[in-house]
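Treat the numbers as computed from the prediction; the structure is a model and nothing was measured.
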Amino acid sequence: MEYKIININDINKAEILIFYNNINSSKKIKIDKIRNKKRKIQSILGEYLLKELLKIYNISYSNINYIYNEEGKPYIKDYNLYFNISHSHDYVITVISNKEIGVDIEKIRKTNISIINRICTNKEKEYVLSSNIDIEKRLFEIFTLKEAYIKCLGNKIFDFKNIELVFNNKPICKDTSVKSKQLIIDNYIISIVEKR
């Protein structure tokens with residue numbers, strides 16, 4: 001498993017245009033439909049990071065073709081490689097692996113704590129509310145881990161309460177067929193889930 005992360009503020013408009021001009025044509029069609037300027041830039045940079053990661057495997061980005069599963073998750077055709085892209089506010093991350101993989105990134109920020117009832121089991125609520133300090137951090141640990149797990153499986157979003165996490169100081173996936181990793185970069189939490 002490899003990943004690359006980028007802050008969109010570190011890239012100038014000229015570089016973004018160069019990246020855009022080198023995007024796979026099928027992906028460019030999808031990106032052209034995005035109306036929100038920031039989301040468009042995030043999507044362009046996600047593809048740029050994929051291109052950079054493919055170099056590790058000596059694969060030319062211009063030679064890849066995408067296929068999609070029935071849920072719409074893209075795969076790289078003709079290679080035993082899986083990838084996933086996520087973005088939040090100023091950051092974009094792309095992961096690649098020879099196994100199914102999912103990633104989610106979220107900025108740790110004040111949020112309506114009532115969301116806890118939609119995404120957390122009782123044990124997860126206990127973990128989030130165990131202290132008044134870093135409540136949002138713990139909440140986003142759970143949210144991003146569940147989101148990355150769903151993306152790894154290639155499913156569309158479903159009831160987060162159906163995914164149960166276990167705790168060993170931090171949340172981890174109960175499903176032993178996957179492994180997970182969490183990182184914190186500049187007040188952003190990143191969860192990566194990969195099939196074993």
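Between the side chain of K195 and the backbone N or O of C152 there is no donor-acceptor pair closer than 3.5 Å. Judged by distance alone, with hydrogens and angles left aside, the side-chain atoms of R196 form a donor-acceptor pair with the main-chain N or O of T176 at under 3.5 Å.
A pairwise comparison of heavy atoms in C120 and K161 identifies O-CE, 3.3 Å as the closest pair. The two residues L54 and I76 have their closest heavy-atom pair at CD2-CD1, 3.9 Å.
Between the CG atom of N187 and the CD1 atom of I108 there is a distance of 4.5 Å, given to the nearest 0.5 Å.
Paired with Y61 under the rule side-chain hydrogen bond (donor to acceptor under 3.5 Å, both in side chains), one option of K55, E47, K27 passes, and it is E47. Under the side chain to side chain contact (heavy atoms under 4.5 Å, CB included) rule, L183 has a single partner from I189, I5, I190, I105, which is I190.
When only modelled atom types and interatomic distance are considered, Y149 and D175 share a side-chain donor-acceptor pair under 3.5 Å. In this model, no donor atom of one side chain and acceptor atom of the other lie less than 3.5 Å apart for S191 and D104.
Taking the six-membered ring where the residue is Trp, Y75 and Y82 present perpendicular rings, their angle passing 60° and hence far from 30°.
Look at D90 and K38 and you find a salt bridge, because one of the NZ, NE, NH1 or NH2 atoms lies within 4.0 Å of a carboxylate O, short of that distance.
Annotation: K77, atom NZ; neighbour count of heavy atoms from other residues, nucleotides and ligands within 6.0 Å does not exceed 12. Heavy atoms from other residues, nucleotides or ligands lying under 6.0 Å from NZ of K174 number 12 at most.
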